[in-house]
Amino acid sequence: MRTLLLALSLILSPCLSAQTVHEVLMLNTGVSGPMPFEPDYLAIEPGDSLRFIPQDRGHNVGTIKGFIPEGAERFMSKIDEDFTTRFDVEGWYGLRCPPHYTMGMVMLVKVGNPSPDSLVIPVDLPAEALQRFERIVKTNVR
Ligand SMILES: [Cu+2]
């Protein structure tokens, strides 16, 4: 029985590890300027997770209202929390650090292969957040 379980776990473990955990740092200063997520853009597969690691104090991460795919769940971590969340629904996700949202602390996540045309940035974002999204899109998407 023990041998059978061992054999089963060896067979199943590659399937489990196929779901990647991508690490994102939350910083006060980064290569792209003040208050970044690094990286600020990721293309991942459905079922992958993002792990948000606060390198400096006072950051957290949450979804932006109206900027996640239909059927996806909103989330919000706690300040200074090392936080991991899974992305199952294909599409574009706009994420923000609420305390530094007006300073443009946002990131874009592409899950699966949504069409570039389906990426619609809400127009009512803080100016700096909008600016950073436009730069992220220009650099990575179109
Ligand atoms: Cu922040």
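V24 and M103 fall within the same hydrophobic cluster, defined by Ile, Leu, Val, Met, Phe, Trp and Tyr side-chain heavy atoms under 4.5 Å apart, directly or through other members. Both V111 and F83 are assigned to one and the same hydrophobic cluster, defined by single-linkage of ILVMFWY side chains at heavy-atom distances under 4.5 Å. Hydrophobic clustering (ILVMFWY, side-chain heavy atoms < 4.5 Å, transitive): V106 and L50 are in distinct clusters. In the hydrophobic clustering of ILVMFWY residues, with side-chain heavy atoms under 4.5 Å counting as a link, V89 and L119 come out apart.
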Can you list, pair by pair, the side-chain donor-acceptor contacts under 3.5 Å of residues 33-47, counting residues two or more places apart and other chains?
unit_1 : atom_1 : unit_2 : atom_2 : d
E38    : OE2    : V31    : N      : 2.8
D40    : OD2    : R135   : NH2    : 3.3

Which side-chain N or O atoms in residues 68-76 pair as donor and acceptor under 3.5 Å with protein atoms at least two apart or in another chain?
none

For residues 121-130, run the donor-acceptor check on the side chains, cut-off 3.5 Å, and write out each pair with its distance to 0.1 Å, sequence neighbours left out.
none

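Here salt bridge (charged side-chain N to carboxylate O under 4.0 Å, His left out) pairs that include residues 113-122, with residues two or more places apart or in two chains, number zero. Judged as a salt bridge (charged side-chain N to carboxylate O under 4.0 Å, His left out), the pairs with a partner in residues 88-114 (not counting sequence neighbours) are, in order, R86-D88.
Each of K78, M26, E81 was scored for a side-chain contact (heavy atoms from CB on, under 4.5 Å) with V61, with one residue passing: M26. In summary, of the residues considered (H100, H59, Q55), a side-chain hydrogen bond (donor to acceptor under 3.5 Å, both in side chains) with N28 occurs for H59 alone.
Counting side-chain heavy-atom gaps under 4.5 Å among Ile, Leu, Val, Met, Phe, Trp and Tyr, V21 is found in no cluster with other residues. Grouped by direct or indirect side-chain proximity (heavy atoms under 4.5 Å, Ile/Leu/Val/Met/Phe/Trp/Tyr only), I79 sits alone.
Under the 4.5 Å side-chain criterion, counting only non-hydrogen atoms from C-beta, L95 is in contact with T63.
Within the 3.5 Å criterion, the main-chain N or O of Q19 finds no donor-acceptor partner in the side chain of D48.
Separating the CD1 atom in I64 from the CE atom in M107 is a distance of 11.0 Å, to the nearest 0.5 Å.
Under the rule for a side-chain hydrogen bond (donor to acceptor under 3.5 Å, both in side chains), the partners of S118 that lie at least two apart in sequence or sit in another chain are W92. Under the rule for a side-chain hydrogen bond (donor to acceptor under 3.5 Å, both in side chains), N60 has no partner lying at least two apart in sequence or in another chain. Residues that satisfy the ring-ring contact (aromatic ring centres under 6.0 Å, His included) test with Y93, not counting sequence neighbours, are F87. Remark: D82 engages R51 in a side-chain hydrogen bond (donor to acceptor under 3.5 Å, both in side chains) (not counting sequence neighbours). Considering only residues two or more places apart in sequence or on other chains, N140 meets the side-chain hydrogen bond (donor to acceptor under 3.5 Å, both in side chains) condition with none of them.
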